[in-house]
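Some notes on the structure that comes next.
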Amino acid sequence: MIEKIRALEKVSRLLDPKQPQRDKWNAEVLHYANTFINQLGTTKTYIDSEENGAAIYDLDITEEATELATLLENTKTNIDEVGINPASGGHMGYIPGGGLYPSALGDYIAAVNNRYAGIFYAAPGAVRLENMLIRWMCRIMGFPETAIGNLTSGGSIANLIAIVTAREAHDIKARDIDQSVIYLSEQAHHSIQKAIRIAGLAEAHLRYIPLDDGLRLSVDALEKAIIDDKKKGLIPFFINASLGTTNTGAIDPIDPIAAIAKKHHLWFHIDAAYGGFFKLVPELAAKFQGIEKADSITLDPHKTLFLPFGTGAILIKNKEKVLKVHHYLADYMQDTIGANEEISPADVSPELTKHFRGMRLWLPLKLFGLKPFKAALEEKLYLTRYFYNEIKPLEGYELGPEPELSVAMFRYIPVAEEANAFNKKLIQAILKDGRIFLSSTTVNGVFWIRVAVVIFRTHLEEIDLLLKIIQEKVKELSH
Ligand SMILES: *Cc1c(COP(=O)(O)O)cnc(C)c1O
C-alpha cells in the first residue's frame with residue numbers, strides 16, 4: 001500500500017512545481033504578455049482568417065505534458081491572431097473590452113492564494129474586500145449603507161439576480177406569472193429578456209414602451225401602459241430602464257421613471273452595465289439624477305472600469321429579499337454559521353464557489369487611484385463628441401442622435417445606391433482593413449454603423465485613424 005502511494009505521489013507531485021520551474025514559466029508568460037502589449041497599435045484589431053483558430057484542436061488533452069513554448073505559440077496563432085482583439089485601442093464595436101494590466105496581477109494572486117471568496121467564514125478578508133468594493137459602488141450611485149450587492153461574472157448575471165429578487169419582493173407566484181407585467185424599451189439589452197426567461201417569467205407580459213427621438217423610453221407612454229394594465233386587472237411589477245443603451249448609449253429618463261415606479265409600486269431596475277461608471281464624470285451628473293431611487297442597479301466593471309472580461313456587479317436595496325432568494329444553508333456548511341460580520345457573496349448570487357474577483361478590481365483601483373479612471377471616462381466622452389462633430393459637416397453622411405455617452409451611430413447615404421446595402425459593404429470594407437473594428441445595428445429598419453469608445457487604449461490617434469479609414473472606404477466603394 002505504502003509503495004503504491006509513494007509511486008502515485010511521485011507522479012502527482014508534478015502538479016506542484018518547484019520554484020525554478022515556476023520562474024521559467026513565469027518568465028515565458030511575462031515575455032508573451034509584454035510582446036502582446038507592446039505590439040498593440042501595430043497589430044490589427046480584427047483579423048478574419050479562413051482557419052479561424054481550428055488548429056487549436058491539435059492540442060486536445062492527452063496523457064503527456066506539452067512544453068509551454070508550444071502552448072504559447074498556439075495561443076498566439078490560433079487565439080490571439082484571429083477575430084476581434086478586445087485589448088486594442090482600435091476596438092470600437094459592440095461595447096468593447098480593454099483589460100487593465102494590474103487586473104492580470106490580481107487574477108494571478110487570486111489564483112495562487114485561491115481564497116474561498118464565496119463565504120465569510122472561509123475567507124473573511126477576501127469577502128470584506130469584495131463587500132468594500134460593493135459599498136464603494138453603492139456610494140457612487142447614492143445607495144444607502146444597508147444596500148447589498150455582488151461582484152458577478154458580468155452584467156447578464158447581475159440582471160438575473162435583480163429580476164429574481166424583484167419577483168420575490170412582489171411575491172409573484174407561478175399562478176400570477178401570466179398576469180404580471182414587465183416594462184422595458186426595445187433598446188433594452190437582450191440579457192434582460194434572457195433573465196426573464198431564466199427566472200421562469202417567460203409567460204409574463206413584456207410591454208415595449210415607445211421611444212422618443214433620442215431613442216429613450218417615453219415616460220408618458222410608460223405611465224399610460226401601467227394604468228391600462230392595472231385597469232385590466234394585471235400585475236405590473238417591474239420596470240427596466242437602460243442607463244446607456246448598447247445600441248446608441250441613450251439614457252432613459254431616470255428621475256421621472258423613478259417617480260412612476262414609486263407611485264405605482266413597481267420594482268425599478270436600472271441596467272447601467274455600459275453607462276453606470278460615467279457617473280464618475282461630474283459634467284454628466286444631471287443625466288444620473290434619480291439613480292439613487294432605483295431598487296437595483298447593474299454595473300459592468302469589465303466595460304467602463306476597463307477590467308478584463310469576467311466582472312460585473314449588482315447593487316440591491318432590499319437585502320431581505322435578496323437573501324430570501326439566494327441564501328441557502330446546506331447541512332455540510334453548518335460550521336459557517338456564527339459571527340458573520342459581512343454578508344457572504346454566496347448569499348447574494350446563484351454561485352457558491354467562485355473566482356475571487358475582488359482582487360482584479362481592487363488592485364488597479366488602488367494602484368492607479370481613481371483619478372486616471374475619471375480622466376479616461378471623460379476622455380472617451382469627448383472623443384465620441386469629437387468623432388460626431390468631425391463627421392457632421394462631411395457631405396453624404398447621416399448621424400444618429402447626439403451621443404449622450406460614448407456611442408455614436410453614422411451611415412453614408414450614397415447618391416445612386418440603396419443606403420442599407422451600401423453601409424453593409426462599408427462596414428465589411430472597414431473590417432477587411434482590420435485596423436479598426438466597428439459593429440453595426442438596425443434601428444427601425446435602418447442599418448447604422450456604431451462607434452463605441454470604451455477601451456482605455458482608445459485615444460485621439462485612433463479616432464483620427466477611424467475618420468480617415470471611413471472616408472477612404474466610402475471613396476473606394478463610391479467608384
Ligand atoms: C453588456 C451589457 C449587458 C450584459 O452584460 P455582460 O457583462 O455581457 O453579461 C447588459 N446590459 C447592457 C446595457 C450591456 O451593455
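Start at 1 and go down the list; that is how both ligands and their atoms are numbered.
- The contact set between ligand 1 and Thr246, taken as ligand atoms under 4.0 Å from a residue heavy atom, comprises 12 (C), 13 (C), 14 (C), 15 (O).
- Between the side chain of Asn423 and the backbone N or O of Trp448 there is no donor-acceptor pair closer than 3.5 Å.
- Near Gly155, meaning under 4.0 Å from any of its heavy atoms, are these atoms of ligand 1: 5 (O), 6 (P), 7 (O), 9 (O).
- Close contacts of ligand 1 with Asp271, meaning ligand atoms under 4.0 Å from a residue heavy atom, involve 10 (C), 11 (N), 12 (C), 13 (C).
- Under a 4.0 Å heavy-atom criterion, Ser242 is not in contact with ligand 1.
- Between Phe278 and Phe288, a ring centre-to-centre spacing not shorter than 6.0 Å is recorded.
- Outside the 6.0 Å centre-distance limit, the rings of Phe268 and Phe238 are not counted as a close aromatic pair.
- Of the heavy atoms in Ser156, both backbone and side-chain atoms come closer than 4.0 Å to ligand 1.
- When each atom of ligand 1 is checked for a heavy atom of Lys303 under 4.0 Å away, the hits are 1 (C), 2 (C), 3 (C), 4 (C), 5 (O), 14 (C), 15 (O).
- When only modelled atom types and interatomic distance are considered, His269 and Ser296 share a side-chain donor-acceptor pair under 3.5 Å.
- The distance from ligand 1 to the heavy atoms of Ala273 drops below 4.0 Å at these ligand atoms: 2 (C), 3 (C), 10 (C), 11 (N), 12 (C), 14 (C).
- A cation-pi arrangement is not found for Arg385 relative to Tyr388, the charged atom failing to lie both closer than 6.0 Å to the ring centre and inside a 45° cone about the ring normal.
- Rounded to the nearest 0.5 Å, atoms CD1 (Ile251) and OH (Tyr274) are 8.5 Å apart.
- No side-chain heavy atom of Phe306 sits less than 4.5 Å from a side-chain heavy atom of Pro301.
- Near Gly154, meaning under 4.0 Å from one of its heavy atoms, ligand 1 places the atoms 7 (O), 9 (O).
- Protein heavy atom in closest approach to atom 4 (C) of ligand 1: His189 CE1, 3.4 Å.
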